[in-house]
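Scroll down for the structure; my scribbles are underneath it.
Scope of the values below: all heavy atoms of this structure, side chains included, with no hydrogens, waters or symmetry mates. Letters A, B, ... mirror the listed sequences (proteins, then strands); counts begin at 1.
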Amino acid sequence: MTAHSPNKNKAFEASSITPRQKDYAQWYNDLVLKSGLADYSAVRGCMVIKPYGFALWENIQRQLDRMFKETGHQNAYFPLFVPKSFLEKEEGHAEGFAKECAVVTHYRLKTDPERKGKLIVDPEARLEEELVVRPTSEAVIWNTFKSWIRSYRDLPLLINQWANIVRWEMRTRLFLRTTEFLWQEGHTAHASREEAVEEARRMLQVYADFAEQWLALPVLKGVKTAAERFAGAEDTYCIEVLVQDGKAIQAGTSHFLGQNFAKAFEVTFTNRSNQQEYVWATSWGVSTRLIGTLIMAHGDDHGLILPPRLAPVQVVIIPIARSNDQLQQMAQAARQLQAELAAQDLRVMVDDDPQQKPGWKFTEYELRGVPVRLALGPRDLENGTVELARRDTMTKETVPLGGLPARIKILLDDIHRSLYARALQFREQHTTYVTTYEAFKKVIEEKGGFVVAHWDGTTETELAIKEETKATIRCIPLDQQPVPGTCIYSGKPSQQQAWFAVAY
RNA sequence: CGGGGUGUAGCGCAGUUGGCUAGCGCGCCACGUUCGGGACGUGGAGGCCGGAGGUUCGAGUCCUCUCACCCCGACCA
């Protein structure tokens with residue numbers, strides 16, 4: 001300890017993050033802000049996605065987009081504005097979204113005659129019909145599909161769009177719920193109910209596969225209850241993720257829309273027997289919320305832990321030296337190593353900034369969640385080795401330079417599997433089966449996580465439980481055997497168990 | 001929208017019953033020494049004290065209004 005150590009400690013505190021146990025919400029905010037993923041903006045409820053965060057989103061997009069195309073979908077783009085009359089057409093849909101819509105009423109500003117340099121809305125420029133900023137695009141898209149679909153030969157119609165949408169939420173949280181957010185929305189039209197249901201389930205499986213293979217997240221696949229269903233859907237399927245504070249988060253949804261939108265927008269097709277039929281529809285989406293989900297599921301008190309397959313930087317190389325000359329030499333060796341790794345399709349960066357010491361950089365890249373760190377110093381150059389550290393376990397070892405690319409590829413897969421296994425273990429340890437309402441309340445209050453219980457299938461019971469405990473039915477899992485039993489709340493006969501949790 | 005909290009330098013904060021030139025740490029800039037787990041020295045730059053109005057000889061400090069953000073609820077992906 002030197003006389004200056006208090007300063008050193010203060011410096012550490014200033015840049016460190018709130019531990020999860022102390023304040024989970026603050027921990028989450030610290031991670032998002034300090035890792036450089038995103039920032040608050042000057043606009044209420046809207047965030048700025050910074051380059052690091054956007055690079056992560058682009059990696060998510062790239063993989064999902066590929067998966068959508070592999071399942072036969074094409075990208076298109078539809079307008080941001082939805083005429084109010086379109087939104088009204090499907091009743092359930094209209095009611096569901098009405099209270100969170102931003103509405104454009106005017107198309108022009110003018111200078112304020114009374115206050116110089118100020119602008120006011122020009123009262124002369126009122127729109128005849130208000131335009132709603134899309135909270136989702138079913139309305140515009142079905143209005144368009146009407147003119148695209150004539151015959152069964154036009155089906156199935158498999159469209160996706162990458163877009164921004166606006167939902168005027170009361171309370172926002174970075175990535176998890178912002179007023180404007182980025183997402184993808186698939187919209188498909190089919191000739192039969194069976195085919196549409198199959199599509200909705202297929203895309204749910206795509207999301208589940210993506211979560212497992214790219215985000216390293218185990219998901220619970222299921223169907224929503226009537227109370228939690230998408231406005232305008234017949235069935236809503238979802239993937240639910242359990243995060244570290246014991247709450248569940250809906251990470252993706254896929255809807256079987258029946259013929260609701262086809263009827264509302266008069267979308268019919270001529271079938272093989274020359275009869276007019278309404279088409280069957282699906283829609284499905286995931287958003288930038290996925291980023292919030294993976295932060296909450298994998299992060300620790302040192303910072304982000306990014307799943308290696310999506311991390312914008314998979315490997316960071318930090319040269320270590322005793323002098324400026326030596327730093328040059330190490331940086332050169334580091335760049336050579338970088339090229340070698342990049343040739344094997346690894347995303348690698350070298351941080352040879354002479355202003356920061358290695359220790360500072362170690363902490364910084366841990367905060368940013370870079371899966372693998374290599375430290376290259378004079379000792380290594382002599383021995384033909386490198387120090388290799390993995391972010392998920394915070395362990396390090398010295399390894400030979402020879403065969404490093406192959407070793408790192410294996411390691412990244414290993415980190416991926418280990419993150420998945422850790423998250424799965426957490427979920428299993430936080431999934432409790434109960435048979436009484438007393439036990440249910442105790443688990444929700446004290447332990448959190450999923451609570452599996454028999455439910456009589458009524459919305460009244462579901463809402464009563466929500467009222468009393470804040471827990472909602474996240475879903476009825478698709479791969480669950482329906483076992484009859486007794487509802488924990490009403491004591492009535494139950495056909496199946498529902499998975500409850502307090503949710504984001 | 002209700003309850004609680006916070007706004008003072010890029011970040012984190014201090015600033016007493018109103019008092020004269022608004023401070024500290026980190027960061028930033030320059031130079032030097034350093035570099036295998038958040039280095040150090042010397043010198044320097046950086047403020048409309050969230051905004052508006054008021055009280056006062058005098059306001060970061062008191063009063064009124066407002067805005068923004070955070071946390072907790074109700075609404076939701």
Side-chain angles (χ1 to χ4, degrees), chain A residues 2-16 18 23-26 28-30 33-34 39-45 47 96-100 135-136 165-179 181-185 207 224 227-228 230-231 236 238-241 248-255 283-290 292-293 302 318-327 330-331 352-367 373-381 385-387 389 394 396 398 466-467 470 472 503-504:
Chain A
T2 70
H4 296 99
S5 60
N7 291 346
K8 193 171 158 184
N9 291 338
K10 211 163 187 177
F12 181 75
E13 269 173 43
S15 59
S16 75
T18 308
D23 185 343
Y24 191 83
Q26 192 53 49
Y28 175 79
N29 285 334
D30 283 353
L33 299 171
K34 293 182 177 179
D39 211 342
Y40 294 109
S41 75
V43 186
R44 181 189 203 105
M47 66 176 185
F97 283 106
K99 57 193 174 303
E100 49 183 346
T136 179
I165 61 175
V166 167
R167 293 182 186 175
W168 214 268
E169 303 290 352
M170 287 169 174
R171 188 171 161 220
T172 56
R173 308 196 62 182
L174 294 164
F175 285 117
L176 297 174
R177 180 172 299 106
T178 45
T179 301
F181 59 96
L182 305 183
W183 79 344
Q184 112 339 268
E185 47 182 322
Y207 290 153
K224 288 288 191 190
E228 298 276 326
F230 175 75
T236 287
C238 63
I239 52 171
E240 295 278 330
V241 175
I249 183 163
Q250 181 175 308
T253 52
S254 183
H255 314 292
S283 69
W284 27 273
V286 295
S287 71
T288 37
R289 175 181 256 199
L290 285 177
T293 306
H302 297 280
I318 298 172
I320 290 161
R322 293 195 185 285
S323 66
N324 259 335
D325 281 355
Q326 202 174 45
L327 186 62
M330 291 306 143
D352 59 357
D353 181 356
Q355 302 304 316
Q356 303 297 356
K357 292 189 66 180
W360 189 91
K361 294 176 186 175
F362 292 174
T363 314
E364 188 64 16
Y365 293 103
E366 279 157 12
L367 172 59
R373 181 187 73 229
L374 299 174
L376 191 65
R379 209 188 298 153
D380 293 307
L381 223 52
T385 59
V386 67
E387 184 191 84
M394 299 283 280
K396 54 189 183 185
T398 299
K466 181 183 179 183
E467 183 74 22
K470 309 223 179 296
T472 50
Y504 272 99

Between the base of [N] and the side chain of [X], is there a donor-acceptor distance below 3.5 Å?
X         : N      : value
Arg322(A) : G36(B) : no
Glu366(A) : G37(B) : yes
Lys396(A) : G37(B) : yes

How many whole angstroms separate atom [atom1] of [X] from atom [atom2] of [N]?
X         : N      : atom1 : atom2 : value
Asp353(A) : A39(B) : CG    : P     : 13 Å
Glu100(A) : C1(B)  : CD    : P     : 17 Å
Tyr365(A) : G37(B) : OH    : P     : 17 Å
Lys470(A) : A74(B) : NZ    : C1'   : 9 Å

- Item | Heavy-atom pair with the smallest gap, counting every atom of Thr179(A) and Arg44(A) |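 Shortest heavy-atom contact: OG1-O, 3.9 Å.
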In Watson-Crick or G-U wobble terms, both distances under 3.5 Å, what is the partner of [N]?
N      : answer
A52(B) : U64(B)
C28(B) : G44(B)
G18(B) : none
G23(B) : C13(B)

Just call it for [X]: base, sugar-phosphate, or nothing, with non-hydrogen atoms closer than 4.0 Å on any strand.
X         : result
Pro354(A) : nothing
Lys99(A)  : sugar-phosphate
Tyr40(A)  : sugar-phosphate

- Message: Taking 4.0 Å as the cut-off, does a side-chain nitrogen or oxygen of Asn29(A) come that near to OP1 or OP2 on C71(B)?
- Response: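 Checking Asn29(A) against C71(B): at least one side-chain N or O falls below 4.0 Å of OP1 or OP2.
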- Message: It should be established whether Arg171(A) places a side-chain nitrogen or oxygen under 4.0 Å from OP1 or OP2 of nucleotide A74(B).
- Response: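 Answer no for this pair, as no side-chain N or O of Arg171(A) is under 4.0 Å from OP1 or OP2.
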Between [M] and [N] - [atom1] atom distance, rounded Å:
N      : M      : atom1 : result
G15(B) : U56(B) : P     : 28 Å
U17(B) : U21(B) : C1'   : 22 Å
U61(B) : C20(B) : C1'   : 15 Å
C57(B) : A68(B) : P     : 35 Å

